[in-house]
Amino acid sequence: MNPEISKIFSEMALFFNMQDDVFRYRAYEKGALILDNLSRDVSDIYKTEGVKGLVDLQGIGRGMAEKIEEYIKTGHIKEYEALKKKMPVDMEELTAIEGLGPKGVKVLYKELSVKNLKDLERAARAGKIRNLTGFGEKTEKNILEGIEFVKKNRGRMLLGYAWPRAQHLIEEFRGMKEVTEVSTAGSLRRRCETVGDMDILVAVENSSAPAEAGAELILDKFVSMKGVEKVWGRGPTKASIRVKGNFDIDLRVVPKESWGAALQYFTGSKSHNIKLRQIAIDKKLKLNEYGLFRGNKKIAGKTEEEVYKALGLDYIEPELREDTGEIEAMLCAVSDTAHRHVRCRTPHICSLPKVIEYDSLQGDLQVQTNWTDGDHSIEEMAKEAKRLGRKYIAITDHTKALAMTGGSDEKKLMRQMVEIDKLNKKISGIKILKGAEVNILKDGSLDIEDEVLAKLDVVGVSVHTSLKMSKKDMTERILRAIKNPNVDILFHPTGRLLKKRDPYDVDMEQIINMAVKTNTILEINAHPERLDLKDEHIRMGVGLGAKFVIDSDAHNYEHLKYLEFGIAQARRGWAEASDVLNTLPIDEFLGKLK
DNA sequence: GCCGTTTTCGGCCCGACTGTTTTCAGTCG
């Protein structure tokens with residue numbers, strides 16, 4: 001229920017903004033964000049703890065709590081409907097247009113009765129918008145372009161596809177002699193599963209005059225790069241472009257002295273930063289992208305570590321900066337003052353984890369080959385994995401219920417095991433494990449006989465069919481499967497495909513608890529389109545004592561690199577190396593299996 | 001609308017850039 005109410009709150013926020021009620025606007029915007037980040041469903045909280053449980057959430061007070069209650073009880077919120085009635089505009093759709101905000105929507109509605117994207121396009125094409133006060137020819141043109149963009153490019157880019165592009169860009173800038181530092185920032189640096197745009201930050205030598213120190217050159221290069229389709233804006237320190245593939249990139253240039261403060265500032269998240277600035281204010285300091293100041297005196301800003309330290313905090317990894325309790329955890333650990341735990345109800349809240357490092361995986365436990373729907377042979381996959389530094393991989397081709405992939409039956413699996421034995425003799429430096437990705441059938445049984453499963457080194461199971469079952473049935477189906485003593489790993493536990501398919505309806509808490517009880521490992525599937533488990537379920541699992549593996553789900557040797565994104569996801573889920581079993585050497589890893 | 005060992009009232013994060021204005025409001029991140 002959280003996403004529905006969050007959507008209503010954020011739309012209400014825009015209405016309040018339109019009415020110049022900025023504080024109510026902020027409160028509701030924040031309320032929506034809180035609901036998005038909440039690991040429990042509000043209906044669940046309400047059921048067990050009532051309105052009080054809702055009010056206990058930092059940022060949710062009496063007013064919003066009662067609206068949540070109203071929605072749970074009646075399915076709608078009266079005040080929201082009254083707002084919509086007074087001004088029946090599709091606020092979300094219209095403000096999605098770059099450069100158009102609530103104030104603009106108000107004028108467009110009052111003057112031209114624009115209610116939605118269609119009306120907006122008609123008005124813009126008719127040249128009516130340019131005559132409105134506050135608007136002009138240029139704005140009208142931007143609106144038309146914005147409409148085209150929204151039409152073509154609904155949604156965000158997957159992290160796994162944005163990341164390599166950003167790295168490429170970063171290399172370009174690193175090569176310039178004016179540049180002293182360069183990094184991703186924003187949601188990309190926090191490794192959010194999808195990103196709306198790409199933020200790049202660059203530092204130059206001279207503190208007082210960045211323009212003279214080469215900002216001009218850097219921005220020139222940026223806006224004239226190959227593939228630039230549009231320059232949204234260009235100032236002395238900042239430019240914004242759209243590149244081919246309908247993707248926006250922002251570049252900001254800062255003086256070297258402010259690098260840490262700027263990187264911190266532009267990495268966000270927004271609510272993490274607001275909280276930091278509040279801490280600064282409480283200490284009679286001011287934090288902005290140029291540094292941390294006492295009066296006019298800069299007391300920190302060269303590095304991020306310095307900024308956090310000056311605020312009384314340890315360094316916080318970018319992946320954790322989502323304002324989901326990381327600051328409170330730190331304050332608690334540092335000063336032990338009584339405080340309210342914000343939003344997070346997991347038991348390990350009072351210290352920050354030492355999250356898993358990017359180079360810490362030794363094995364990959366889900367790899368497909370040309371025995372089924374993969375592109376390369378077992379040998380090719382193994383050799384590439386070895387080249388990438390893996391010490392072991394499990395070959396986990398599909399099984400027979402997935403006929404379209406040419407899934408293996410028992411006989412084919414036996415043949416494959418013979419082949420793997422041969423290859424293990426032939427190839428040194430990497431161990432190939434015998435495995436399979438076995439289908440969990442509708443009733444929770446598996447499509448391969450136990451007798452054969454017992455012969456495999458690693459058995460992964462997953463749901464690929466009958467995805468639309470009820471939550472109860474789907475949960476029972478998976479519970480039954482992981483109770484099987486031959487089953488080691490539950491692959492992509494929620495079945496989602498980012499931007500394509502919602503997860504199936506399943507009670508993850510029950511699944512995680514059963515996984516712990518039966519010693520079944522949960523997969524963090526690193527494929528950019530899956531990232532399944534997602535961060536909040538990982539965090540729930542860590543809290544409940546579950547163990548994980550991070551796998552590439554490679555169908556091609558290029559895909560073996562994806563592990564990095566699974567690690568990112570694990571970090572976002574507050575997982576430590578000890579929570580992830582394929583950080584172990586092979587013998588220890590095998591010892592952890594059922 | 002939310003919050004509180006400085007406050008139950010009076011605050012609420014901060015700055016860049018654009019396009020419209022002739023000094024600034026709106027939007028964005």
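Chain identifiers are assigned alphabetically (A, B, ...) following the order of the sequence lines, protein sequences preceding nucleic acid strands; residue numbering begins at 1 within each chain. Since we're looking at a predicted model, the values are computed, not measured.
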Using a 4.0 Å heavy-atom cut-off to protein, can you give one letter per nucleotide of nucleotides 22-29 of chain B, 5' to 3': B if the base is in contact, S if only the sugar-phosphate is, - if neither? ----SSSB

Quick one: which of B:dG4, B:dC2, B:dT6 gets closest to the side chain of A:A27?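 Looking only at heavy atoms from C-beta outward on A:A27, the closest nucleotide is B:dC2.
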
If only side-chain N and O atoms of [X] are considered, is one of them under 4.0 Å from the OP1 or OP2 phosphate oxygen of [N]?
X: A:N142; N: B:dG19; result: yes
X: A:N288; N: B:dG15; result: yes
X: A:Y290; N: B:dA16; result: yes
X: A:R26; N: B:dC13; result: yes

If you assign each of A:I281 and A:M64 to its closest nucleotide in DNA chain B, which residue comes earlier from the 5' end?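 Per heavy-atom nearest nucleotide, the more 5' residue is A:M64.
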
Over all strands shown, is A:E137 touching base, sugar-phosphate only, or nothing at heavy-atom distances under 4.0 angstrom?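 It contacts sugar-phosphate atoms only.
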
Looking across every strand, which nucleic acid part, if any, lies under 4.0 Å from A:Y25 by heavy atom: base, sugar-phosphate, or nothing?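 If one applies the 4.0 Å heavy-atom cut-off, A:Y25 turns out to touch nothing in the nucleic acid.
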
Geometric cation-pi criterion, A:R252 with A:F173: 6.0 Å, 45°: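 A:R252 over A:F173 ring: no.
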
Pairs involving residues 6-19 of chain A, ordered by first then second residue, that meet salt bridge (Lys or Arg N to Asp or Glu O under 4.0 Å) (sequence neighbours left out):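 Every pair satisfying salt bridge (Lys or Arg N to Asp or Glu O under 4.0 Å) with a residue in residues 6-19 of chain A: A:K7-A:E92, A:E11-A:K84.
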
With rounding to whole Å, what would you report as the distance between [N] and [M] at their [atom1] atoms?
N: B:dC3; M: B:dC13; atom1: P; value: 13 Å
N: B:dT21; M: B:dG26; atom1: P; value: 13 Å
N: B:dT23; M: B:dC17; atom1: C1'; value: 15 Å

Determine which pairs satisfy ring pair (Phe, Tyr, Trp, His ring centres under 6.0 Å) with at least one residue from residues 21-71 of chain A, sequence neighbours left out, and list them in order.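 Matches after skipping sequence neighbours: A:F9-A:Y28, A:F16-A:Y28.
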
Whether the side chain of A:K138 and the base of B:dT21 hold a donor-acceptor pair under 3.5 Å is what I'd like checked.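 No.
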
To the nearest Å, give me how far apart CZ (A:F23) and P (B:dC3) are.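 The distance from CZ of A:F23 to P of B:dC3 comes to 15 Å, rounded to the nearest Å.
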
